[in-house]
2 protein chains.
Amino acid sequence: MSKTKTKIVKPKPISGFPEWLPEQRAVELAWIDHIRAVFESYGFVNIETPAVEAVEILAAKGGDTDKEIYALRRLQGEESEPARMALHYDLTVPLARYVATHYNDLTFPFKRYQIQKAWRGERPQEGRFREFLQCDVDVIDNEELSIEFDAELPAIIFEIVDGLKIGPVAIHINNRKILQGFYRGLGVPDQVAAIRIVDKLDKIGPDNVAKLLREELGLSAPIAGQCLALAEIKTVDTSFVTRVQELGITNETLEEGLQELELVMDRLSHLPQGAVLADLAIARGFDYYTGTVYEGKLKDYPDYPTVFAGGRYRDLVGSYLNRKLPGVGISIGLTRIIAKLFKENRLQLGRRSPSHVLVAVLPGADMAKAREVGRTLRRRGINTEVYHQPAKLAKQIKYADRKQIPYVWFPASDEQPDHQVKALSSGKQISVDLADWRPEE
Amino acid sequence: MSKTKTKIVKPKPISGFPEWLPEQRAVELAWIDHIRAVFESYGFVNIETPAVEAVEILAAKGGDTDKEIYALRRLQGEESEPARMALHYDLTVPLARYVATHYNDLTFPFKRYQIQKAWRGERPQEGRFREFLQCDVDVIDNEELSIEFDAELPAIIFEIVDGLKIGPVAIHINNRKILQGFYRGLGVPDQVAAIRIVDKLDKIGPDNVAKLLREELGLSAPIAGQCLALAEIKTVDTSFVTRVQELGITNETLEEGLQELELVMDRLSHLPQGAVLADLAIARGFDYYTGTVYEGKLKDYPDYPTVFAGGRYRDLVGSYLNRKLPGVGISIGLTRIIAKLFKENRLQLGRRSPSHVLVAVLPGADMAKAREVGRTLRRRGINTEVYHQPAKLAKQIKYADRKQIPYVWFPASDEQPDHQVKALSSGKQISVDLADWRPEE
């Protein structure tokens, strides 16, 4: 054979670009279907944007993100030209561009979800991917956006994560107005810097946060202590309001934030105890957020990264449109979480074939009759494959077994006047009626 | 307002990258769901491969395709480095790489479908896109692949296109062995060149094909005439066999091709008359194909491009593995066809919201009660949104109307002891039971 002379080069996977086996992909697809169904049950529409945007749109944010952008140029003929297009690194920038482009065709409040890949040229490492599936949900309105949406999103996300059967979730909620107003009321001059420092509480602990607040912002020890006292407030109900008031600071922005968070917590009181907590330490790094902020954690996996995060922002579209479009959104890092669960074998994988039934074709059997049985079962909603050629029974059983197809069907024939079905799990074979039989789920 | 001072730059769409409004995307999603369901009903598994492959894998084919490959480099820091990754331009090369990478984890025959974007740096023009959604189905086996799969694929594709409700489809089928064997039997020295010329029959007509066969291949007029006579055979049943035999050429490869095509046509005889035809003019340009070839056309739109195409190939994985993996596959150009149907307004668009019901919240109404109604309806499988704040009825009706939500729900209250539902199409408002009511489809 000439083939053996060819140099065999087994292709290596590219690191940071995860790829699943069919039985894993079946789980991912089931997740996506579930997520879609929940979003649509709340009236959210799906959109999909191109993988690419103009470079000036993606790079507009400046900062570190620019380094991670994958630019596109044709392999031949454009090597040396400046790139004009690049892959999107999140779904928020594309949403802003989409809303600006189609503004006149959309009805506001615009409630959309989007489940797509995004790309970042990061150094690959545990839990970080260069290509990852992101599920975003946002509500955008014209000029004003009802605070009720800040309460609706966590309810939706709770239903989604709950339905994935990966254990209980804790949704930590805060409102940046509380932090800003409190710090302002305390006399902290640079409130944004203070928020950034307190945001590190989880990683570096209270002593280091207090130290940074004193050293970097020049705050007195009692003031730094007040900042920490606020961050330590975590309640599963609206009692956080009294706890903040007990700290004795008054400020208009603080009051606004407390009222907003109180309404959000109140609306979510139908969720199981502990699913939602007011957590005044949560800040989300981005200055982008201006009100409610969210962070989601799996309670069973405290070492896992944030499962989802988001918040409210003052204006989605910036300079694209001559109007203000406030929004609130949450983004679920689907690849991040599913990859970790796969790696730790914590997910029940799908079957290796969607077929419920393999129609056996024994030596000498009529292929056309077997196909007719297949068509009948499929019309009845039963996924059915017909073995692709007459072959020995053992071979077909082995095939069904390997593909985890639970039933093997033996069509009626001259020698066997009735249809028979063998359940591979029990080995039992029984006579059945083609028009009535159903697989057990 | 400071906003009016900012320069407003409305982002332009990038040509060749189609993007749909929510009501169009709803149609595309419904298509994808249907396609998935049909493939899975035949036991095909879904896989998804990364958007990128190593450049050497994509560029291996050489030729014109290389010019259309979009290479990836980070926007900052890698501008001048040679690209190592590029976006895939089809789903066949990624399949080959996937099968080689995961060979030991797959069960053969490996029956997979894949619905993903692909990218080509073409000059954008009518019906050509730089980003497009492709639906591929292939069966790959080890060393030998049953001819039965050549017959199964068109049956699957027929069911898919039939279910899209875009009019009748005609699946043209040929077998390259017929062409090759016939030409060889005729004494045509370069059979591949002859196939390429006859493949132009549709575009340039029989006279020009005959001329090219004479001038470029030096064939005599009677031989060129025989080539054309073969290409003119189109039958809706297996009668093509007799018609070919009447041309008086015998050759072993020809016989093999006739037998294969006869079996395929025979297996498809349950499909509606005219859905499938043996069309001996079909060749598919690629030399890649070695047996059965397919081309699909919409009968109602004769000027439309091919809706799907494919065929059988001798070996999928080439030099990746030290074994031969023959396959047969069909690829549906989903974006191509849906874009044209959208453009010509030939598709019934989806609703602008997936909601069946909008729960109205009148001034002074209890938001929490309205949300409870929403939860109950959703639990009953009815997509429901709750209006986001107390507002005048007219405003909420207008919102429902714009979003094409068919029903507005008025929760029971002190003033109105029963739940009521208004159907926007008729304007009728009736008292209903929250536990029983269902929307009409």
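So you know, we letter chains A, B, ... as the sequences are listed, proteins then strands, and number each from 1.
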Check whether any side-chain heavy atom of [X] lies under 4.5 Å from a side-chain heavy atom of [Y], and answer yes or no.
X	Y	result
B:Y320	B:V99	no
A:H388	B:P109	yes
B:V139	B:F44	yes

Given the options A:R112, A:E159, A:E28, A:R402, which has more heavy-atom pairs under 4.5 Å with chain B than any of the others? A:R402
Of A:E40, A:Q24, A:E23, the largest count of non-hydrogen pairs under 4.5 angstrom with chain B goes to A:E40
Testing the basics here: between [X] and [Y], what is the closest heavy-atom pair and its distance to 0.1 Å?
X	Y	value
B:G374	B:T384	CA-CG2, 3.9 Å
A:A151	A:R267	CB-CB, 3.6 Å
B:S41	A:N383	CA-OD1, 3.2 Å
A:K117	A:H88	O-NE2, 2.8 Å

Quick one: what part of [X] sits under 4.5 Å from any heavy atom of chain A, side chain, backbone, both or neither?
X	value
B:L106	side chain
B:D33	side chain
B:F108	backbone
B:L145	neither
B:R36	side chain
B:L21	both
B:A96	neither
B:A100	both
B:R378	side chain

Segment of A:A155 engaging chain B (4.5 angstrom heavy-atom cut-off): neither
Considering only heavy atoms and a distance below 4.5 Å, find which of B:S355, B:P50, B:S269 pairs most often with chain A. B:P50
For chain A, which candidate among B:Q389, B:E53, B:M85 shows the most heavy-atom pairs at distances under 4.5 Å? B:M85
Parallel, tilted or perpendicular: rings of A:Y98 and A:F110 (30°, 60°): parallel
Does the distance from a Lys or Arg side-chain N to an Asp or Glu carboxylate O, for B:R375 and B:E372, drop under 4.0 Å? yes
